[in-house]
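What follows is a set of notes on a single structure, which appears directly below.
Values below: every heavy atom of this structure, side chains too, minus hydrogens, waters and symmetry copies. Chain letters run A, B, ... following the sequence lines, proteins first and then strands; every chain starts at 1.
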Protein chains: 2
Amino acid sequence: MQALWVHTALMARIDVSGIGGFIREQRDQAQMSVRQLAKAAEVSNPYLSQVERGLRKPSAEILSRIAQGLRISAETLYVRAGILAQREGDEVVTTSIASDSTLTERQRATLLQIYAAFQSENQAQVTPREDEES
Amino acid sequence: MQALWVHTALMARIDVSGIGGFIREQRDQAQMSVRQLAKAAEVSNPYLSQVERGLRKPSAEILSRIAQGLRISAETLYVRAGILAQREGDEVVTTSIASDSTLTERQRATLLQIYAAFQSENQAQVTPREDEES
DNA sequence: CCAAAGTGCTTGCATTTGCAAACGCAGGTG
DNA sequence: CACCTGCGTTTGCAAATGCAAGCACTTTGG
């Protein structure tokens with residue numbers, strides 16, 4: 001059985017097996033053993049093993065530790081776990097700019113304006129693919 | 001029992017009482033009772049009460065449900081909980097721009113350039129206005 | 001040939017989460 | 001007065017997290 005979404009009235013449910021597979025994937029890719037990652041993440045190796053196979057539903061703290069051990073952002077892992085919603089790319093940019101306290105109000109507005117301009121500019125072209133033009 | 005911030009070699013530790021106070025703050029501001037928020041978040045009201053007073057350390061799932069009930073972003077709550085590291089404002093902006101696939105390479109560079117210009121512009125004036133609740 | 005060290009996994013167990021069922025207290029309403 | 005409805009909280013208790021200890025297997029190598 002695959003990554004089952006329990007899907008009650010609520011939409012925030014942790015995708016247990018999905019996150020496990022993703023972690024194992026990342027660990028394999030990094031050529032680490034279970035024990036190695038466990039040590040780096042400061043989690044016990046049996047527990048990490050169980051998490052990877054979807055037998056356990058790790059807490060937020062454990063998840064962030066594993067993320068650190070894997071050197072990936074906790075947000076990435078949380079999105080995979082279904083804990084954080086996957087935000088659209090533009091949403092990330094606009095909210096991050098909007099909440100950047102190091103900018104003045106004018107600067108924020110300017111940046112957002114430019115960004116919006118770029119967005120609509122690209123909207124005009126059909127954008128058949130997200131190709132990397134040189 | 002207090003707001004202990006364990007701070008081992010790892011930096012990711014959950015600030016129990018801090019998150020509780022923040023939740024209660026948000027709930028009061030929204031003029032909701034414990035039971036109302038509990039129902040909206042699909043969490044039991046006694047448990048929510050305990051979380052707010054820092055007696056319990058809610059899991060990631062519960063936290064995201066509460067965030068939904070409060071209509072605030074889960075990320076905000078997670079940052080408050082110390083689960084997600086508070087990224088520096090500029091870091092968020094630059095990385096989000098850099099990874100925005102809806103932009104062309106030129107547009108990305110332009111935005112980052114403008115942003116950097118703003119940053120150094122503000123660097124001149126000293127403004128360490130870091131207001132924390134005191 | 002068999003110790004030593006590596007891999008991942010299973011098994012018990014202390015600790016914790018999270019909830020249902022209460023409790024004590026206010027404020028209306030009949 | 002009793003009766004209800006809502007508030008936040010306390011109290012057990014089932015269920016889950018997360019770990020230490022140990023298992024079975026493979027590889028190294030003296």
Rounding to a whole Å, what distance do you find between [X]:[atom1] and [N]:[atom2]?
X: B:Ile23; N: D:dG8; atom1: CD1; atom2: P; result: 14 Å
X: B:Arg53; N: D:dC7; atom1: CZ; atom2: P; result: 16 Å
X: B:Ile62; N: D:dA16; atom1: CD1; atom2: P; result: 13 Å
X: A:Lys39; N: D:dC19; atom1: NZ; atom2: P; result: 15 Å
X: A:Leu48; N: D:dG18; atom1: CG; atom2: P; result: 12 Å
X: B:Asn45; N: D:dG8; atom1: CG; atom2: P; result: 9 Å
X: B:Glu52; N: D:dT10; atom1: CD; atom2: P; result: 13 Å

Which heavy-atom pair separates [X] from [Y] by the least distance, and what is that distance?
X: A:Lys57; Y: A:Tyr47; answer: O-OH, 4.0 Å
X: A:Leu63; Y: A:Pro58; answer: CD1-CG, 3.4 Å
X: B:Leu103; Y: B:Leu111; answer: CD1-CD1, 3.7 Å
X: B:Ser120; Y: B:Ala117; answer: OG-O, 3.0 Å
X: B:Thr102; Y: B:Gln107; answer: O-OE1, 4.4 Å

Can you list the residues that meet the side chain to side chain contact (heavy atoms under 4.5 Å, CB included) rule with A:Gln36, with sequence neighbours excluded?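 Per chain and number, A:Gln36 pairs via side chain to side chain contact (heavy atoms under 4.5 Å, CB included) with A:Met32, A:Ser33.
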
Mind checking what makes side chain to side chain contact (heavy atoms under 4.5 Å, CB included) contact with A:Leu112, not counting sequence neighbours? A:Thr94, A:Ile97

Shortest side-chain distance from B:Gln50, nucleotide among D:dC19, D:dG8, D:dT11: D:dT11

Proximal nucleotide (of D:dT9, D:dC19, D:dT11) relative to the A:Arg65 side chain: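 For the A:Arg65 side chain, the nearest candidate turns out to be D:dC19.
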
Closer than 3.5 angstrom, by distance alone: can the side chain of B:Arg65 be matched with the main-chain N or O of B:Glu42 as a donor-acceptor pair?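 Yes: the side chain of B:Arg65 pairs with the backbone of B:Glu42.
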
Donor-acceptor pair, A:Tyr78 side chain versus A:Ala60 backbone, under 3.5 Å?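 Yes; judged by distance alone, with no hydrogens or angles, the pair exists.
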
What is the first contacted nucleotide of DNA chain C and what is the last, in 5' to 3' order, if contact means an atom lying under 4.0 angstrom from a heavy atom of chain A? C:dT7 to C:dT11

Start at the 5' end of DNA chain D and walk down; is the nucleotide closest to B:Pro46 or to A:Pro46 reached first? B:Pro46

Using five pairs at each end of the helix from C:dC1-D:dG30 to C:dG30-D:dC1 to define an axis, what is the angle between those two axes, to 10°? 10°

Give me each pair satisfying salt bridge (Lys or Arg N to Asp or Glu O under 4.0 Å) with a member in residues 19-30 of chain A, each pair once, sequence neighbours excluded. A:Arg24-A:Glu52, A:Arg27-A:Glu52

Does any donor atom in the side chain of B:Ser49 or B:Arg53 lie under 3.5 Å from an acceptor atom in the other side chain? yes

By side chain to side chain donor-acceptor pair (under 3.5 Å) - contacts of A:Thr76 (at least two apart): A:Ser73

List in chain and number order the residues that pass side chain to side chain donor-acceptor pair (under 3.5 Å) with A:Gln29, two or more places apart in sequence or in another chain; answer none if no residue qualifies.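 None.
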
Between residues 28-38 of chain B and DNA chain C, which residues have a heavy-atom gap below 4.0 Å?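 Those residues whose heavy atoms fall under 4.0 Å from DNA chain C, taken from residues 28-38 of chain B in numerical order, are B:Arg35.
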
Straight-line distance of A:Gln68 CD to A:Leu37 CG, nearest 0.5 Å: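 So the gap between those two atoms works out to 11.5 Å.
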
Looking at D:dG8, I'd like to know if its phosphate oxygens (OP1 or OP2) sit under 4.0 Å from a side-chain N or O belonging to B:Arg27.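 Yes, B:Arg27 has a side-chain N/O under 4.0 Å of OP1/OP2 on D:dG8.
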
Shorter than 3.5 Å, N or O on both sides, protein versus nucleotides 26-28 of chain D: list them out with atom names.
none

